[in-house]
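Everything on this sheet refers to the single structure shown next.
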There are 4 protein chains.
Amino acid sequence: MPQRAATAQPLKRAEKKEVTRQQLIAATVDSIAASGFAETTLHKVSARANVSRSLVNFHFDSKEQLLVETLRHLTDEYRTFWMKAITRPGLSAAGKLNALVDADFHPQVCNRKKIAVWYAFWGESKSRPTYMEVCERADREFASAMERLTAEVVAEGGYAVDAVAAAKGLRCMIDGLWLELLLSPASFEREGSKRICRTYLAALFPRHFEMPGQVEMPAGGAP
Amino acid sequence: MPQRAATAQPLKRAEKKEVTRQQLIAATVDSIAASGFAETTLHKVSARANVSRSLVNFHFDSKEQLLVETLRHLTDEYRTFWMKAITRPGLSAAGKLNALVDADFHPQVCNRKKIAVWYAFWGESKSRPTYMEVCERADREFASAMERLTAEVVAEGGYAVDAVAAAKGLRCMIDGLWLELLLSPASFEREGSKRICRTYLAALFPRHFEMPGQVEMPAGGAP
Amino acid sequence: MPQRAATAQPLKRAEKKEVTRQQLIAATVDSIAASGFAETTLHKVSARANVSRSLVNFHFDSKEQLLVETLRHLTDEYRTFWMKAITRPGLSAAGKLNALVDADFHPQVCNRKKIAVWYAFWGESKSRPTYMEVCERADREFASAMERLTAEVVAEGGYAVDAVAAAKGLRCMIDGLWLELLLSPASFEREGSKRICRTYLAALFPRHFEMPGQVEMPAGGAP
Amino acid sequence: MPQRAATAQPLKRAEKKEVTRQQLIAATVDSIAASGFAETTLHKVSARANVSRSLVNFHFDSKEQLLVETLRHLTDEYRTFWMKAITRPGLSAAGKLNALVDADFHPQVCNRKKIAVWYAFWGESKSRPTYMEVCERADREFASAMERLTAEVVAEGGYAVDAVAAAKGLRCMIDGLWLELLLSPASFEREGSKRICRTYLAALFPRHFEMPGQVEMPAGGAP
DNA sequence: GATGAATGAGCCTTCATTCAT
DNA sequence: GATGAATGAAGGCTCATTCAT
């Protein structure tokens, strides 16, 4: 029917265009994880996305822009994820901190492929101001959120602890644990990593966090 | 003296070659820090080292080998540095842990240029097994040393703490603080970073480490 | 007419690509003849074909493949030529042998440029198995055809001659005469060369071939 | 002893120099046969001769000169060989022609390695005047010698044969049979090749050469 | 809107050659 | 006399990008 065609077609087109865009970004993520940043070529990306080579230049003005958009996609996805984790109603500050830790090691954001891409971008950041800007903004948001929570905990418990420093310590610990997954996937343990973070929190804020029980870590814990 | 000349001459030849090699590695480090991994070309490296382009392939069979040797140089330098820090006689286990923290934030190893290079290699590690191997070995050495120290502290103090996990937490925290220097150099503070680590240690091992005093962080602390 | 346009358009695209391919092969032949095998660079080839340098790698995966395809083009062209020469209806075996000799010295296949290219490939054959394979197959086809003809003549005439050896002798004589054209173009004579072959045939098969008349060779016979 | 040293040394030096030169030429021949003309580099040659790379440029002004001297060495060796074959006293013209055929298929000059080198030079001849000159001179000498012999035979036997053409036919046949050894070593037969030449001679000059007996060629005749 | 032939820039590498030792 | 570090030129190839279709 002409009417359906008229309303469906324009939608379909715009939709399809967006789908292709997302496919290209996904393919870029895959390629960076598999081949590294230096060996990620538009040829490989378009092959992964099953589209013609020149289509990449059609959707993104340049390779650089594809990369930036990929990084943006990554940060957006990450922000959405942790924000959702702490917006659950009825959560105390400490509960939210716990939720952040859980989110940071959730397989959806903390898997080897995505970590590899994060580190690939970080590795190139120093020489590419745009990357650094995007990374920094994402970082600052996450940092602020965490700092607000530690500040609340400090205030509640009357701890003699620098809340900002405490937050930074936790954040950095998480980043470092991600690196562990990247470089030594065999020795990475998802639950163990969370436990390390919680130990840190419990040590700093004993009246808000429970020291995790000493668990015999099972050999070959799945990452 | 003729003898000295006789011994100096043969040294000069081999020495000069080695000097050139080191210059090339240094130039590679500089280039990766300045231009990133992907845009580090042999042209840039040779230009930085003030030598002809083909000389690179004379000293190193391929670009890949130059990069691997550069990474190796980096790990060697790092290992030498922290090892020297903990071999000072008369140092307790806790003292050695403190020394490790100091070493990790010493400007000689913890400056933005070198951190950028570390992260550049880590960023490419997933897709280059050789890099990962070299990185992992270096990491394991450092981890083992640190774990031995935390185990000693745990034993001494009778703490109910998983020594391996405690060490891993510290190590990851340090890696994450390095990333802070890379991505947000403005907000990085050398002393503040050490303090965060020491807070972690003091919280876990209160009878071995003193909680650092709350210091008003000076605005714009120089990295 | 729209129909013609519709059929002409799709042809045009594929056609143009094929035309460019053939131009590149022709340019390769020219370059090998002019500059030799060792000094035939893709730069020279693309310049001769008036196309960009990278186009060569677009049509042929590598330089090596361009060379192989050039050799194949040569053998195909040669085979087509001599096959057509002996498929003329109503030709006796002896007549076909004569036709083969004529074909082998026809200016279209026996000119200094093409002979130079043949010898260039033969010169590299020993160290390049692919060339040898292609050359051998072409040779074997030609040899088989010729052997069948000599066998027929031997059977018809009841000659006490090894048909295979006779064919090989003729074939080798032709190859050697080609070399004469390559190395001593001044002393090469097209008709004289055919006469030498026919003398060989007439000496072996007197009842099938006429001994060519002794001709006063004109001085400086044009090749 | 000083005296012996004084007399032996200078001789030894010049000798050694010449020895090295010959080694380099031999290594060049080997390399061309093994790697082809295009892939024969001074590096490979010096490695084969077990000398330092820059020594080649010391003994020969340039690579080109090394190649020319190698070709000259080849032609000299060949000339010496066939000349010696026909200077045996008490040999008739026909006997000398037979001796030439024997020489041309003697393993010392007719083996796959040397044939490969001949063809390598011939393959490059068209674009390198120097090679062509050297080749042509060698060819002309051989041709003249053979023409003198066929002329003698023609005169002796009163044959109605063009002596020059007959010689050219034989020469070309030999060159072509060499190519057979190069391209189809499996089907090459040393004795069979001589027989083909002798059949040609016997067919042209029946009163001077005996038609070789029809021999059942053994399968897999050793080249 | 999407394809694919074509381009130009640039990279890694190799090679013949030189020069100081 | 011979070595080996060093050079400059050039070659093959890949890549991001454009343009006609």
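Order of the sequence lines fixes the chain letters, A, B, ..., with proteins taken first and strands second; residue numbering starts at 1 for each chain. Quick caveat: nothing in here was measured; it's all calculated off a predicted structure.
The side chain of B:Asn57 places an N or O atom within less than 4.0 Å of a non-bridging phosphate oxygen (OP1 or OP2) of E:dT13. Residue B:Thr20 places no side-chain N or O under 4.0 Å from the OP1 or OP2 atom of F:dA5.
Positionally, the nearest nucleotide of DNA chain E for C:Val51 lies more toward the 5' end than for the other of C:Val51 and B:Ser62. In this structure, B:Lys17 and C:Leu42 both approach DNA chain F, and ranking their closest nucleotides by distance from the 5' end singles out B:Lys17. Nucleotides of DNA chain F nearest to B:Phe58 and D:His59 differ in position, and the one nearer the 5' end is that of D:His59.
Taking atom CZ on C:Arg21 and atom P on E:dA6, their separation rounds to 12 Å, with Å as the unit. Counting to the nearest Å, the C1' atom of E:dC15 and the CZ atom of B:Arg53 are 15 Å from each other. Taking atom CG on D:Asp61 and atom C1' on E:dT17, their separation rounds to 12 Å, with Å as the unit. In this structure, the CD atom of C:Glu39 is 13 Å from the C1' atom of E:dC15, given to the nearest Å. The interatomic distance linking D:Phe60 (CZ) with F:dG1 (P) rounds to 17 Å, in whole Å. We find that CD of B:Glu18 is positioned 14 Å from C1' of F:dA5, with the value rounded to whole Å. Note: CZ (A:Phe37) to C1' (F:dC15) measures 15 Å, nearest angstrom. Rounded to an integer number of Å, the gap from D:Leu67 CG to E:dC15 P is 14 Å.
Pairing of F:dT21, defined by two Watson-Crick or G-U wobble distances under 3.5 Å, is identified with E:dA2. When Watson-Crick and G-U wobble pairs are counted only if both distances are under 3.5 Å, E:dC15 pairs with F:dG8.
Taking the side chain of C:Leu55 as heavy atoms from C-beta on, and the options E:dT7, F:dT17, E:dC11, the nearest nucleotide is E:dT7. Of the candidate nucleotides F:dA9, E:dC12, E:dT17, F:dA9 has the atom nearest to the side chain of B:Ser54.
A side-chain contact (heavy atoms from CB on, under 4.5 Å) with C:Phe60 is found for one member of C:Leu66, C:Thr28, C:Leu67 and no other, namely C:Leu66. With A:Asp30 as reference, A:Lys113 is the one residue of A:Lys44, A:Lys113, A:Lys114 to meet the salt bridge (Lys or Arg N to Asp or Glu O under 4.0 Å) rule.
Between B:Tyr119 and B:Trp122, the ring planes are perpendicular. Angles over 60° get that label, and only those under 30° would be called parallel.
Around the CZ atom of B:Arg21, the shell of radius 6.0 Å holds more than 12 heavy atoms that belong to other residues, nucleotides or ligands.
The closest donor-acceptor contact from the side chain of A:Ser31 to the backbone of A:Ala27 lies at 3.5 Å or more, if one exists at all.
The base of E:dG4 lies outside donor-acceptor range of the side chain of A:Ser52, with no N or O pair under 3.5 Å.
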